[in-house]
2 protein chains.
Amino acid sequence: MTVTPDTDSTPARGKRPKQGEPVIDRALSLLAVFSDRRRALTLSELARHAGMPAPTALRLIARLVAWGALERLDDGRYVVGVRLWEVASLSPRGHGVREIALPYLEDLFEVTRHHVLLAVRDNEEAVLIERLSSKDATEVAYRVGGRAPLRSTAVGLVLLAGADQQFQEATLRKPPEHEPGVEHMPEGQLRRTLSDVRRTGIAMIRRSAPSKTVSVASPIFDAQGSVVAALSIVVPDGSTPPNVLAPAVRATARAVSRNLGYLAEVSPDVRTHSEG
Amino acid sequence: MTVTPDTDSTPARGKRPKQGEPVIDRALSLLAVFSDRRRALTLSELARHAGMPAPTALRLIARLVAWGALERLDDGRYVVGVRLWEVASLSPRGHGVREIALPYLEDLFEVTRHHVLLAVRDNEEAVLIERLSSKDATEVAYRVGGRAPLRSTAVGLVLLAGADQQFQEATLRKPPEHEPGVEHMPEGQLRRTLSDVRRTGIAMIRRSAPSKTVSVASPIFDAQGSVVAALSIVVPDGSTPPNVLAPAVRATARAVSRNLGYLAEVSPDVRTHSEG
DNA sequence: AATATCATTCCAACCAATGAAAGATGTCTG
DNA sequence: CAGACATCTTTCATTGGTTGGAATGATATT
């Protein structure tokens, strides 16, 4: 069991909820209340979920609104503002890679007409940076801005395989979260898979829910040779075979990597083995 | 904000730091330092531009980093974090419209292979929400997350034409900012143009810088019939004539509007009193 | 009309925020 | 290789921004 350093001996429940917490943390906890299912919230909802009295929440929110981090709707509810979105668009790992990758993703999308995903790793999850989908594409589990587990998605495996050794070990030691629709992988197999991903530059995952799909992902490298993002394509199971998709996905990923300043090393492995 | 009265006896030697400013405002002013040209900043740069002592900046930044609003690079510089980007992706006017519009934008892009833009209005400017471009497209002035003037861009004109009367008047009264490469429009002509935009659902602008282009834009309506965004296509001057592009742009914009719940008003000649 | 819920204003106690000063670290320069 | 310079970080006594219960106003529900 993890132990948080408790300076206070008594729980002190009820009387002092979150007193003493830095103001910024409180303000940020207000932002954190927003989620996919909670995009427009009232003052009391925000106060309740952030765990602070309404007057306090109101005061903080007023500052956030004044700056543009939040916006107030006609009905009095609050939503995340364009100004915040604007600043966030300067995030190198957010819009940064996206900006460079988008034209290439489009080419891949145009050719295949299937979901094309771009993701980066944030701590122990993958964050979906971009998703191109046609209007009539198969259902897909994740939305842009959402998070996906590392161990049970194709982009996740790529990002995990590309993470530093220390992080990988820590992740492998943790008990896996069970993702519905994805077959669980025991540790041994997972290790082998990650090794394969590093060698081949391709990860593959089959899902049965929310719909039967196959995902094929490939890593994107920066100039330092680190894996900064993962690109994948999601197709209905039984349509285009994965081994046909793999070259296209890998080629696209490499094109993006090159644009990020990555000088593809001529790997003896790839050169001699005609399989590619 | 306004300058605080100097009636106090302690002038503090002209150097009047932002003493007394709410903490949140200070934290937000740190975020505001980031811009297109300033995506990675050192502590002292942040402190200087935000107008606060280094220790104060450091303390605030530490909280922002802890939450994920900022991230620290290996070289010690700070950048906008993925977490902030994640929350910002819940912005209805940011990623919200984008999410719905993207598939349609893609269709338009795929057919034309020219820049396709999506923008919303934030106060007196247009904010670029999305831009689809091919790798070898003509140079375009604005990037995603950037701002563009209302009076001298096609999307801007559409957004201005769709704004409430009061705002329009206030904007028309203000002295126009001169945008390089765009022919200035006197007030009378601008009024006529806005009226035309409302009637036809199309705005058009010719630019000579940074490259010779023609932009054609059309409004996107929400369920309440308000103009929530503008969609445009930017083509090299002399290629496809604007009157050929207009129907495609308008059709795409209407498709997005319909998806937002907008019930396109039936034109008078078709309207019958079938329902009462 | 009564009740319940939410939003807003007020204010005195209080504690988190402040920033000068100094130390720690790294980087040029002569 | 000192010495000058710049940046980053920690410390700490002071203080002014922050706090949240209570009261009031605004709406919605029964």
Side-chain angles (χ1 to χ4, degrees), chain A residues 5 7-8 10 12-31 33-34 38-67 69-79, chain B residues 1-31 33-34 38 40-67 69-79:
Chain A
T7 50
D8 216 352
T10 55
R13 292 280 302 170
K15 208 40 189 167
R16 16 183 65 193
K18 276 197 174 179
Q19 245 186 12
E21 200 181 0
V23 198
I24 303 188
D25 288 20
R26 296 177 157 213
L28 292 173
S29 76
L30 282 170
L31 292 184
V33 173
F34 290 90
R38 300 180 190 285
R39 300 196 179 209
L41 297 162
T42 65
L43 169 62
S44 46
E45 284 173 327
L46 277 164
R48 194 179 322 124
H49 287 106
M52 63 180 78
T56 302
L58 180 63
R59 200 175 341 105
L60 301 181
I61 289 171
R63 303 315 311 151
L64 294 172
V65 169
W67 189 78
L70 297 182
E71 290 174 5
R72 189 161 202 194
L73 302 179
D74 295 334
D75 61 9
R77 291 184 303 169
Y78 298 93
V79 296
Chain B
M1 287 254 174
T2 48
V3 185
T4 49
D6 295 338
T7 51
D8 224 359
S9 53
T10 54
R13 287 208 306 105
K15 261 272 186 174
R16 178 164 282 232
K18 300 189 179 178
Q19 247 187 11
E21 202 181 1
V23 199
I24 303 190
D25 289 19
R26 293 176 159 213
L28 292 172
S29 76
L30 282 170
L31 292 184
V33 173
F34 290 90
R38 299 180 191 285
L41 298 161
T42 65
L43 169 64
S44 46
E45 284 173 327
L46 277 164
R48 194 180 324 123
H49 287 106
M52 63 179 81
T56 302
L58 180 64
R59 198 171 347 104
L60 301 182
I61 289 171
R63 302 316 310 149
L64 293 172
V65 170
W67 188 79
L70 297 181
E71 290 173 7
R72 188 161 203 193
L73 301 179
D74 295 334
D75 60 9
R77 291 185 303 170
Y78 298 93
V79 295

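Per chain, numbering begins at 1; letters A, B, ... match sequence-line order.
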Among all residues two or more places apart in sequence or in another chain, which pass the side-chain contact (heavy atoms from CB on, under 4.5 Å) test with [X]?
X        : answer
Arg63(B) : Pro22(A), Ile24(A), Asp25(A), Ala66(B)
Leu58(B) : Leu43(B), Tyr78(B)
Ala69(B) : Leu64(B), Trp67(B), Leu84(B)

By side chain to side chain donor-acceptor pair (under 3.5 Å) - contacts of [X] (at least two apart):
X        : answer
Arg48(B) : none
Ser44(A) : Thr42(A)
Asp75(B) : Arg77(B)

Could you state the [atom1]-[atom2] distance from [X] to [N], rounded to the nearest angstrom?
X        : N       : atom1 : atom2 : value
Leu30(A) : dT19(D) : CG    : P     : 11 Å
Arg63(B) : dT18(D) : CZ    : P     : 16 Å
Asp75(B) : dT27(C) : CG    : C1'   : 15 Å
Arg26(A) : dG17(D) : CZ    : C1'   : 13 Å

Is there a donor and acceptor pair closer than 3.5 Å between the side chain of Arg59(A) and the base of dG20(D)?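 By the distance-only test, yes, there is a pair.
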Do the side-chain N or O atoms of Thr56(B) get closer than 4.0 angstrom to the phosphate oxygens (OP1, OP2) of dG19(C)?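 So the side-chain polar atoms of Thr56(B) do come within 4.0 Å of the phosphate oxygens OP1 or OP2 of dG19(C), strictly under.
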Within less than 4.0 Å of OP1 or OP2 of dC8(D), is there a side-chain N or O belonging to Arg77(B)?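 Checking dC8(D) against Arg77(B), no side-chain N or O comes under 4.0 Å of OP1 or OP2.
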When you check every protein heavy atom under 4.0 Å of nucleotides 2-10 of chain C, what one-letter string (B, S, -) results, 5' to 3'? ----SSBB-
Provide a list of protein-nucleic acid N or O atom pairs under 3.5 angstrom, restricted to nucleotides 28-30 of chain D.
none

Got Ser29(A) and Met52(A) here, is their nearest side-chain heavy-atom distance under 4.5 Å?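 A side-chain contact under 4.5 Å exists here.
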Do Arg38(A) and His49(A) come within less than 4.5 Å of each other through their side chains, counting heavy atoms only?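 Result yes, sub-4.5 Å side-chain heavy-atom pair found.
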Axis bend over the full length of the helix from dA1(C)-dT30(D) to dG30(C)-dC1(D), computed from five pairs that close each end, to 10 degrees: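 Comparing the first five pairs with the last five, the axes sit 40° apart.
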